[in-house]
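Throughout, a chain's letter reflects where its sequence line sits, starting with A, and its residues are numbered from 1.
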There are 2 protein chains.
Amino acid sequence: MKIGELAKRSGCSIQTIRYYEKEGLISAPERTEGNFRLYNSVVLEKLSFIKNCRALDLTLSEIKHLVSLQNSPETPCEAVNEMIDTHLLVVESRIEDLQKLHGDLKQLRLKCGNARSVDQCGILGELLPKPERSPSGTRK
Amino acid sequence: MKIGELAKRSGCSIQTIRYYEKEGLISAPERTEGNFRLYNSVVLEKLSFIKNCRALDLTLSEIKHLVSLQNSPETPCEAVNEMIDTHLLVVESRIEDLQKLHGDLKQLRLKCGNARSVDQCGILGELLPKPERSPSGTRK
DNA sequence: TGTAAACTCTGTAGTAACTATAGAGTCAAG
DNA sequence: CTTGACTCTATAGTTACTACAGAGTTTACA
Ligand SMILES: [Zn+2]
Ligand SMILES: [Zn+2]
Ligand SMILES: [Zn+2]
Ligand SMILES: [Zn+2]
């Protein structure tokens, strides 16, 4: 099959497939006389694997690592576990960050009061460093 | 003060300050005879504002919008509220996504079993599409 | 058989918000 | 007057793609 059909069947875009090839995530396929890429169905599994990994937000470099592990099946699988564990930590800390962010935003949202104009809005006031009105404002 | 001192005092890197200037988030300062940027302390507040907004993960374009609102103080502050609300929704959906991800990763992590080698590791197996051994594998 | 549509090719640029150089110029101290 | 610290602009790199431009290939149909 040519790249267009592969794209439809795999759910990856044509450009993404070519990109994965360039990045070494899938191997370069044969070509037709006219230089078109020609795939067999095996690559569908590889793309599916990659998609599963991407859905877990593993980076392409991590996926590459996993692929290389698959190609040397006798390696101890500790490396796999470590990668997942590390990734779990990253995800957990991102969740924590976002939850703090969410709390801060909620707080901030309450600061508007019922201001009508921007200069009275408590939100912007809150974002400024400290609205300490300088006692002898010497501007310029 | 020159850009180096501003960087130290603001906690933004020199490149970031120049980048913010290029993007129109802070205005271009005066220059010395030798073409060095020369700042007064007002810019410290602007950078602090930007840092606060970035800590809430507002995009530079959103921050630019807020800055322009500050510069027209009579505008109704609805726009501010809407931005925060929209942003809250984005953050909430990111948190949900990550929590699902986290669950999936936890699940996956359990699949290792006590495999010793990669080819027996349940994690990689799980990531593959479906290990249905084809009954009459006609390859090529 | 001719030709137009649909497909594919490579290479390049764009995305967000920076970071990190290279190579040149400026300034302060000894 | 020279060294070192600082600053300048411009450019490239980061991540995982997406979106072209311009050229070549294949298929379908009249
Ligand atoms: Zn990871
Ligand atoms: Zn308000
Ligand atoms: Zn937002
Ligand atoms: Zn395992």
Side-chain angles (χ1 to χ4, degrees), chain A residues 1-26 28-40 43 46-67 83 86-87 90-91 94 97-98 101, chain B residues 1-26 28-39 43 46-47 49-67 83 86-87 90-91 94 97-98 101:
Chain A
M1 84 190 105
K2 283 180 288 180
I3 200 170
E5 191 188 339
L6 179 60
K8 264 170 207 145
R9 290 225 259 159
S10 69
C12 301
S13 77
I14 291 179
Q15 296 100 303
T16 298
I17 293 169
R18 291 199 281 240
Y19 176 69
Y20 287 167
E21 179 184 329
K22 186 157 69 83
E23 294 298 304
L25 281 160
I26 57 180
E30 309 172 67
R31 301 284 183 124
T32 67
E33 270 187 28
N35 200 33
F36 287 10
R37 287 172 179 83
L38 209 53
Y39 297 96
N40 57 35
V43 76
K46 314 243 162 147
L47 286 178
S48 171
F49 178 80
I50 295 172
K51 282 194 84 178
N52 288 337
C53 291
R54 290 293 298 137
L56 296 171
D57 216 24
L58 294 167
T59 65
L60 291 193
S61 128
E62 285 169 330
I63 297 171
K64 214 165 156 180
H65 192 187
L66 286 179
V67 167
M83 180 180 301
T86 306
H87 203 71
V90 171
V91 170
R94 280 218 302 251
D97 288 353
L98 282 176
L101 208 65
Chain B
M1 88 191 100
K2 282 180 290 182
I3 199 168
E5 191 189 339
L6 179 60
K8 263 171 208 145
R9 290 224 259 160
S10 69
C12 302
S13 78
I14 290 179
Q15 297 99 302
T16 298
I17 293 169
R18 291 198 280 240
Y19 176 70
Y20 286 167
E21 179 184 329
K22 186 156 70 83
E23 295 297 304
L25 280 161
I26 56 179
E30 309 172 67
R31 300 286 184 122
T32 67
E33 269 187 29
N35 201 32
F36 286 10
R37 288 172 179 83
L38 209 53
Y39 296 96
V43 76
K46 312 243 162 144
L47 286 178
F49 177 80
I50 295 172
K51 282 195 85 179
N52 287 336
C53 291
R54 290 293 298 136
L56 296 170
D57 217 23
L58 294 166
T59 66
L60 292 194
S61 126
E62 285 168 330
I63 298 171
K64 215 165 156 181
H65 191 187
L66 286 180
V67 168
M83 180 180 301
T86 307
H87 202 71
V90 171
V91 170
R94 279 218 300 251
D97 289 351
L98 282 176
L101 209 65

Measure from CZ on A/R31 to C1' on C/dC9 and round the result to the nearest Å.
8 Å

Do the side chains of A/R37 and A/R31 get nearer than 4.5 Å, heavy atoms only?
yes

Just so I know, are the side chains of A/L98 and B/L98 near enough to count as touching, which here means a heavy-atom distance under 4.5 Å?
yes

Using every non-hydrogen atom in the two residues, find where B/H87 and B/L56 come nearest and quote the distance to one decimal.
NE2-O, 3.0 Å

Could you tell me whether the side chain of B/K51 reaches within less than 4.5 Å of the side chain of B/S10, counting heavy atoms only?
no

Does any pair with a residue in residues 6-19 of chain B pass salt bridge (Lys or Arg N to Asp or Glu O under 4.0 Å), and if so which ones, sequence neighbours excluded?
B/E5-B/R9

Quickly work out the A/E21 CD to C/dT8 C1' distance and round it to whole Å.
13 Å

Tell me, please, the opening and closing nucleotides of DNA chain D, 5' to 3', among those with an atom under 4.0 angstrom from a non-hydrogen atom of chain B.
D/dT7 to D/dT9

Would you say that A/L25 contacts A/I50 through its side chain, given a criterion of any heavy-atom pair below 4.5 Å between the two side chains?
yes

Per-nucleotide protein contact along nucleotides 16-30 of chain C, 5' to 3', at a 4.0 Å heavy-atom cut-off (B base, S sugar-phosphate only, - neither), is -BBBB----BSS---

Show the nearest heavy-atom pair for residues B/G4 and B/I14, with the distance to one decimal.
CA-CD1, 4.0 Å

Residue pair A/L66 / A/C53, side-chain heavy-atom distance below 4.5 Å
yes

Check the distance between C/dC7's C1' and A/M1's CE and give it to me in whole angstrom.
16 Å

Whole-Å distance, A/I3 CD1 to C/dT10 C1', equals 12 Å

